[in-house]
Protein chains: 2
Amino acid sequence: MGAVRDLERTKEKILRAALSEFCAKGFAGARTAAIARRAGVNKRMIFYCFGSKENLYREILWRKIGESMRFFESEPTELVAALIRWAQKWRQEVNWIRLWEWEALERGVRPVVAEEARRECVKVVLEKLRRAQEEGRIPQGPDVDQLFLALVAVTVFPYTYPQLARLASGISPMSEEFATRQMKFLHWLGERLTCAGFEKTAEPNRTAKPQRRSEVDHTDKPAQSPV
Amino acid sequence: MGAVRDLERTKEKILRAALSEFCAKGFAGARTAAIARRAGVNKRMIFYCFGSKENLYREILWRKIGESMRFFESEPTELVAALIRWAQKWRQEVNWIRLWEWEALERGVRPVVAEEARRECVKVVLEKLRRAQEEGRIPQGPDVDQLFLALVAVTVFPYTYPQLARLASGISPMSEEFATRQMKFLHWLGERLTCAGFEKTAEPNRTAKPQRRSEVDHTDKPAQSPV
DNA sequence: CCCATAATTAACCAAATGGTGATTTGCGCT
DNA sequence: AGCGCAAATCACCATTTGGTTAATTATGGG
């Protein structure tokens, strides 16, 4: 086995360990010694491989951002489906959310890494929403920007503030039970947002017309419906 | 002026400075030396007054939680109004949001301080929602827990992830422009959520609930329970 | 005015931190 | 076998950290 004295392998081990550590403690709170211990590697190797704690952090952000971009690119256009899909994604990627959150808190408004890539990623989703709006699949009323933020907000929030989610619902946001309730709510919300009277204006309209019910698979399949 | 050698005054100065520092850097990132400098006070005084960094932090949480509870108690029952009111509140209390967020990240799911007080605070709002639901002022469909989380989510999100808000909208979430757009969106959303397909039975019934103010306790124990 | 006491300060400390220089160890090659 | 070189280790550093010991200064009461 080439596992001894294999630099690539060592790098991977460090990256994996560093991801956990950064997710758990943030950049400032993370300890290089702890990363080394978790990785089962001499602390010196961190600096040998990545030069500095900062560089290591950047490297991890790059990787994670790449992943998330790939996710958004393959995301379904139908609103309820997207909501469900996102919620599931966040649930199984709490670490990524935490990383994101740490960064917002520690680093401030300007992304330290891959600003362009991120902008691109967001733009793609916004574009989809805009097209959906033009084609009448979602209401014309709201700003797509704001709508997008709201959709992400609703799905991500319980994992961003697990404390509050637990206080409100009485159970852990990581539990199956919570996920079920959330799905149910997201369905309701999605229907609300898409169905009633979006043909013309955002005028409140009494004709709550049941519309094509979106098929949602709770399993995390690719759910392809590109563009 | 009695500003010289006044312990209460000194405490206040420290608390104010510590609030900024903790909001900016979190607990781990905050530096006692920086707090002292900001407060224009000898570092030793922090420990003289509060015993430890940890205690100082707890004290601040206590105060802020008290504030937020008072806010929620006086909050309007009408949904759109509540949305608007919350959004405005968050906007002018970004520091409080940050503190909250830091805590979620650094301290984990279990509140370190005032768990009971918080639960009470959430319960009050949930109760209002439930009543609104019974009286038909908001739809019967959704779980109040989930609805509550979603409402908070939508209003708080831009300030939680200013990076993303900026990427999506192109402007700073702290700008006037953003606030305007958000208000417009919240109106739209509120209408959507309340109007279609149920009867509106307006009954301006407001019950003021007397609230016991908790005594500040430096030795607040985390109320441990294995999770 | 004096003195006990409380508020304030200065100097200091042990532990921990990110980071390095020097050294050893093992793999691949001839 | 022996050599070159990269991978891995070890011991160490300068700095920063929360926290403390002990000295100093003001204040209010007698």
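Since the structure is predicted, the reported quantities are computational estimates derived from the model, not experimental observations.
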Just how far, in rounded Å, is [atom2] of [N] from [atom1] of [X]?
| X | N | atom1 | atom2 | value |
| --- | --- | --- | --- | --- |
| R37(B) | dA10(C) | CZ | P | 15 Å |
| E8(A) | dA6(D) | CD | P | 15 Å |
| F27(A) | dT17(C) | CZ | P | 14 Å |
| K11(A) | dA6(D) | NZ | P | 14 Å |
| I35(A) | dT17(C) | CD1 | C1' | 12 Å |
| K53(A) | dG19(C) | NZ | C1' | 12 Å |
| I14(A) | dT9(D) | CD1 | C1' | 13 Å |

Checklist outcome for this item: Heavy atoms of R98(B) and L105(A) approach each other most closely as NH2-O, 3.1 Å

Checklist entry - Do you know the tightest heavy-atom contact between W102(B) and C23(B)? => result NE1-O, 2.8 Å

Checklist entry - Contacts to DNA chain D from residues 99-108 of chain A, heavy-atom cutoff under 4.0 Å, which residues? => result none

Taking the side chain as C-beta and beyond, is there a heavy-atom pair between [X] and [Y] under 4.5 Å?
| X | Y | result |
| --- | --- | --- |
| Y57(A) | E103(A) | yes |
| Y48(B) | L7(B) | yes |
| L193(A) | L151(A) | yes |

Looking at residues at least two apart in the chain, or sitting in another chain, which of them share a side-chain hydrogen bond (donor to acceptor under 3.5 Å, both in side chains) with [X]?
| X | value |
| --- | --- |
| W100(A) | none |
| E67(B) | K64(B) |
| Q163(A) | R118(B) |
| D145(B) | R181(A) |

Within the pair [X] and [N], is there a side-chain N or O less than 4.0 Å away from OP1 or OP2?
| X | N | answer |
| --- | --- | --- |
| S52(A) | dG18(C) | no |
| Y48(B) | dA7(C) | yes |
| T32(B) | dT17(D) | no |

Got a sec, which pairs hit salt bridge (charged side-chain N to carboxylate O under 4.0 Å, His left out) with one end in [range], sequence neighbours left out?
| range | result |
| --- | --- |
| residues 46-57 of chain A | E54(A)-R58(A), E54(A)-R107(A) |
| residues 30-46 of chain B | E21(B)-R38(B) |
| residues 152-176 of chain A | R91(A)-E176(A), R166(A)-E115(B) |

Item to check | Under 3.5 Å: donor-acceptor pair, side chain of T10(A), backbone of D6(A) | outcome: yes

Checklist entry - In residues 38-47 of chain B, which residues come under 4.0 Å of DNA chain C by heavy atom? => result N42(B), R44(B), M45(B)

Do [X] and [Y] sit within salt-bridge range, that is, some charged N less than 4.0 Å from a carboxylate O?
| X | Y | answer |
| --- | --- | --- |
| E12(B) | R16(B) | no |
| R130(A) | E127(A) | yes |
| R70(B) | E73(B) | no |

Dump every N/O contact between nucleotides 23-27 of chain D and the protein below 3.5 Å, one line per pair.
from, atom 1, to, atom 2, distance (Å)
dT25(D), O2, R5(B), NH2, 2.1

Next on the checklist: Base, sugar-phosphate or nothing for A36(B)? Non-hydrogen atoms, less than 4.0 Å.
Outcome noted: nothing

Next on the checklist: Categorize A30(B) for me: base, sugar-phosphate, or nothing, with a 4.0 angstrom heavy-atom threshold over every strand shown.
Outcome noted: sugar-phosphate

Restricting both atoms to N or O, compile the protein contacts to nucleotides 3-5 of chain C shorter than 3.5 Å, with distance only.
none

Checklist entry - How long is the span from the CG atom in L79(A) to the NZ atom in K128(A), to the nearest 0.5 Å? => result 12.5 Å

Pairs under 3.5 Å (N/O, protein and nucleotides 14-16 of chain C):
none

